Amino acid sequence: MAPRERTLVRLQITSTALTPQDIETRLGLKPDTTWKIGDRTSVFGSVEKTNGFTLDSSLNLTISLEEHIHSLIARVAPCAQKIGELASQATIVLLCVLSRKSIPPMTFGRDDVRWLAVMGAKIDIELGLIPDPSRDAGKKPSAPSA
């Protein structure tokens, strides 16, 4: 079965100074995921070096990037200023993970950028291209460059 196209948008707050509970208390929002310094993650058992708190877009994974961003911004809008106040003690990232057969349009409207600025958030976009046999048919593998 071929991999499906999908979109995940997450607001991720990481900090060495603030615990997930501190962040939850300050924001008044329940996180979707948390972790603490020293927690073991993944099958390789790596150890977390920061505390983490995430809020995810609740839309279906097949919905567009723009709709995911708007959904997440609507979720955090009431506490955007409080999120921005954490920026001196935390790293705030809007993480957009896309798996696509072709590169999709990635447009951030003026209001989206304003919300991100209020929250002191940076944007991290990870794009994975899904192999598409119909697109890739007839293409010769490129030679490694020297």
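Remember, it's a predicted structure, so these values are computed and weren't measured experimentally.
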Acceptor/donor pairs from residues 77-96 side chains to any protein atom, 3.5 angstrom cut, sequence neighbours excluded:
from, atom 1, to, atom 2, distance (Å)
Gln89, OE1, Arg26, NH1, 3.0

Please confirm whether the backbone N or O of Asp56 pairs with a side-chain atom of Arg10, one donor and one acceptor, at under 3.5 Å? no
Hey, any chance Phe53 and Val47 share a hydrophobic cluster, counting ILVMFWY side chains that come within less than 4.5 Å of each other, even indirectly? no
So does Lys36 pair up with Glu48, basic N to acidic O under 4.0 Å? no
Side chains of residues 117-127: which donor-acceptor partners sit under 3.5 Å, not counting sequence neighbours?
none

Taking Ile73 as the starting point, is it possible to reach Phe108 by hopping between hydrophobic residues whose side chains are less than 4.5 Å apart? yes
Report all side-chain donor-acceptor pairs from residues 59-70 shorter than 3.5 Å, counting only partners two or more places apart or in another chain.
from, atom 1, to, atom 2, distance (Å)
Asn60, OD1, Thr62, N, 2.8
Asn60, OD1, Thr62, OG1, 2.8
Ser64, OG, Glu67, N, 3.2
Ser64, OG, Glu67, OE2, 3.1
His68, ND1, Ser57, OG, 2.8
His68, NE2, Asn60, O, 3.0
His70, NE2, Asp112, OD1, 3.2
His70, NE2, Asp112, OD2, 3.3

Can you give me the closest heavy-atom contact between Leu129 and Ser102, atom names plus distance? CD2-C, 3.9 Å
Is there a side-chain contact between Pro20 and Pro31 (heavy atoms, below 4.5 Å)? no
Determine the minimum heavy-atom distance between Asp22 and Ala17, stating which atoms define it. OD2-O, 4.2 Å
After noting the C-alpha distance and the side-chain angles of Leu55 and Leu72, does the key distance pass the side chain to side chain contact (heavy atoms under 4.5 Å, CB included) rule? CA-CA 8 Å; Leu55 299 165; Leu72 188 58; 4.3 Å; yes
Look only at the side chain of Trp35 and the backbone of Thr50, and say whether a donor-acceptor pair between them is shorter than 3.5 Å. yes
For Thr7 and Arg100, run side chain to side chain donor-acceptor pair (under 3.5 Å): C-alpha distance rounded to whole Å, both residues' side-chain angles, the deciding distance at 0.1 Å, then the answer. CA-CA 9 Å; Thr7 302; Arg100 292 284 186 276; 2.5 Å; yes
Take atom CZ in Arg6; do more than 12 heavy atoms of anything else shown fall under 6.0 Å from it? no
When you compare the side chain of Ile13 with that of Leu27, does any pair of heavy atoms fall below 4.5 Å? yes
Heavy-atom distance under 4.5 Å between the side chains of Met106 and Ile103, does that happen here? yes
